[in-house]
There are 2 protein chains.
Amino acid sequence: MTGENRPPPGASSNALPRLGELELAVMEVLWRHPASSTQQVQARLPQARRNSLSTLQSTLERLHRKGLLGRERERQAYLYRARVSRSELLGRLLGGVISQLHDGSLDPILASFVDFAENIDDSTLDRLDELLQARLRARDAGGCDD
Amino acid sequence: MTGENRPPPGASSNALPRLGELELAVMEVLWRHPASSTQQVQARLPQARRNSLSTLQSTLERLHRKGLLGRERERQAYLYRARVSRSELLGRLLGGVISQLHDGSLDPILASFVDFAENIDDSTLDRLDELLQARLRARDAGGCDD
DNA sequence: CCGAAAACCGATCGTGGATCGGTGGTCGCG
DNA sequence: CGCGACCACCGATCCACGATCGGTTTTCGG
């Protein structure tokens, strides 16, 4: 029983399913060392995470499928490089979480984040303010500068 | 609502493994209708999510184990109620993501969020600014807002 | 005490990450 | 040209977790 195929009622579009530990560690390496071969990555991984090349390959492949890594062939090997910066990844992850919880208006979410920042440390709030002001200035000044 | 949600400052080591679809839907219901029995929850779930009571029970139980729901016995049945508000949950989720990606300094994270806000809509940035200013004012004025 | 309504228990499935060994293709060098 | 090294590729497990449910036991009200 219960062996029927059950189409998922709500397929999230852009929320990447969450990254595993090894995947994260790999991203860290790739951020620090752009364009590394599988072996390079392995060598630069923290000792605790050093395992067989195959494992690494699967992980790199998965990351590649998820669009987080690009790769090009260097002779018989691949050179991997991060396609998203740490900030971009964070934004994506944040976006995933938020789109799950978002109930129409963004306000509660923004409020939550401010809340979160405040909860960490009082100075964090000021820092956030600084960054935000800078961003607002940049927008008002240049408008379309990219 | 800003100012009511206060995650305990000591118990910040919570990285809940991520919520599933049904779990989220259940939380939505419990947020809208505090203290509902399993049946109540089932009745108020979107039609698409209505399934057997057992399924609901497992989900409520799991949520309870995760600390997101509290429950008390009402005769032979349980009354469930949300222990975290939507904002708190969001904060927790955000915290989980952030602690994964956080490499020491918060700045990139804050920047990412500002980035994220800007990316949604220009007005969002202004909204964030308003909220932040309000919060700063509140802090500078009262100090301890209890 | 009996029947209904819950909780409780455990089985099964699907997905996704981690892990690895074996196989086969590619390249450099003798 | 052939051989050995290197590496990608494939498939096989394993595990954790959410979703799903049916069957059994507990509990309560009449």
Side-chain angles (χ1 to χ4, degrees), chain A residues 1-13 15-29 35-43 45-46 48-80 89 93 96 100, chain B residues 14-29 35-43 45-46 48-80 89 93 96 100:
Chain A
M1 277 301 285
T2 71
E4 316 163 16
N5 276 356
R6 213 166 291 280
S12 315
S13 42
L16 49 160
R18 176 168 77 93
L19 300 187
E21 293 295 317
L22 180 55
E23 291 177 324
L24 239 316
V26 165
M27 290 306 290
E28 298 285 356
V29 169
S36 308
S37 70
T38 306
Q39 281 214 348
Q40 311 268 21
V41 173
Q42 186 186 39
L45 234 24
R49 293 241 68 111
R50 294 253 196 91
N51 31 33
S52 84
L53 266 213
S54 300
T55 301
L56 240 223
Q57 278 170 345
S58 317
T59 299
L60 287 163
E61 168 76 22
R62 221 179 310 132
L63 251 13
H64 178 247
R65 263 204 314 270
K66 290 185 191 176
L68 298 183
L69 296 183
R71 70 181 184 187
E72 48 189 294
R73 257 197 135 112
E74 170 77 10
R75 292 304 172 202
Q76 77 272 44
Y78 277 127
L79 272 200
Y80 286 91
L89 179 55
L93 257 10
Q100 263 199 322
Chain B
N14 38 16
L16 47 161
R18 183 164 102 88
L19 301 186
E21 294 292 318
L22 179 55
E23 291 177 323
L24 239 316
V26 166
M27 290 306 291
E28 299 285 355
V29 169
S36 309
S37 70
T38 306
Q39 282 214 349
Q40 312 268 22
V41 172
Q42 187 187 38
L45 233 25
R49 292 243 67 112
R50 296 252 197 90
N51 32 32
S52 86
L53 266 215
S54 300
T55 300
L56 240 221
Q57 278 170 346
S58 318
T59 299
L60 286 164
E61 167 76 23
R62 219 178 311 132
L63 251 12
H64 178 248
R65 264 203 314 270
K66 290 186 190 174
L68 298 182
L69 295 182
R71 69 182 185 185
E72 48 189 295
R73 248 189 143 120
E74 169 78 9
R75 294 303 172 203
Q76 78 272 46
Y78 278 126
L79 271 202
Y80 286 91
L89 179 55
L93 257 10
Q100 263 200 324

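Taking 4.0 angstrom as the limit, A/Arg75 places none of its side-chain polar atoms (N or O) nearer than this to OP1 or OP2 of D/dC6. Taking 4.0 angstrom as the limit, B/Thr38 places a side-chain polar atom (N or O) nearer than this to OP1 or OP2 of C/dA7. Neither OP1 nor OP2 of C/dA7 sits under 4.0 Å from any side-chain N or O of B/Arg71. For C/dA5, the OP1/OP2 oxygens have no side-chain nitrogen or oxygen of B/Arg73 closer than 4.0 Å. The side chain of A/Ser52 places an N or O atom within less than 4.0 Å of a non-bridging phosphate oxygen (OP1 or OP2) of C/dC20. The side chain of A/Lys66 contributes an N or O atom lying less than 4.0 Å from OP1 or OP2 of C/dG17. An OP1 or OP2 oxygen of C/dA7 is reached within less than 4.0 angstrom by a side-chain nitrogen or oxygen of B/Gln57.
When each of D/dC7, D/dA19, C/dA6 is scored by its nearest atom to the side-chain atoms of A/Gln39, the top-ranked nucleotide is D/dC7. Set against C/dG17, D/dA8, D/dG11, the side chain of A/Ser58 has D/dG11 as its closest nucleotide. Which of D/dC21, D/dA8, D/dA19 sits closest to the side chain of A/Tyr78 comes down to D/dA8. Across C/dG21, D/dT20, C/dT19, the shortest atom-to-atom separation from the side chain of A/Arg62 is found for C/dT19. With C/dA18, C/dC27, D/dC28 as the choices, the nucleotide that has an atom nearest any side-chain atom of B/Gln76 turns out to be D/dC28.
One interatomic measurement links the two molecules: CD of B/Gln42 to P of C/dA6, which rounds to 10 Å at whole-angstrom precision. Atom CG in A/Asn51 sits about 17 Å away from atom P in D/dC15, given to the nearest Å. B/Leu53 has its CG atom 8 Å from the P atom of C/dA7, to the nearest Å. When rounded to the nearest whole Å, the span between CG of B/Leu69 and P of C/dA7 equals 13 Å. One interatomic measurement links the two molecules: NE2 of A/His64 to P of C/dG17, which rounds to 16 Å at whole-angstrom precision. In this entry the distance linking CG of A/Leu56 with C1' of C/dA18 reads 11 Å, nearest Å. Here the P atom of nucleotide D/dA8 and the CD atom of A/Glu74 are 12 Å apart, to the nearest Å. Spacing between atom CE of A/Met27 and atom P of C/dA18 amounts to 13 Å, rounded to whole angstrom units.
Along DNA chain C, the nucleotide closest to B/Glu61 and the one closest to A/Thr55 are compared, and the more 5′ of them pairs with B/Glu61.
The salt bridge (Lys or Arg N to Asp or Glu O under 4.0 Å) test applied to B/Glu74 returns no partner, not counting sequence neighbours.
Using a 4.0 Å cut-off between charged side-chain N and carboxylate O, B/Glu61 and B/Arg71 make a salt bridge.
No side-chain donor-acceptor contact under 3.5 Å links A/Gln42 to the backbone of A/Leu56.
In this structure, a donor-acceptor pair under 3.5 Å is absent between the side chains of B/Thr55 and B/Ser58.
In this structure, B/Arg65 reaches neither bases nor backbone, as no heavy-atom distance under 4.0 Å exists between it and the strands shown. Within 4.0 Å of B/Ser37, counting heavy atoms only, lies no atom of the nucleic acid at all.
In this structure, CZ on B/Arg18 lies 9.5 Å from CD on B/Glu23, to the nearest 0.5 angstrom.
A/Met27 is listed as a side-chain neighbour of A/Leu69, based on a closest heavy-atom distance under 4.5 Å.
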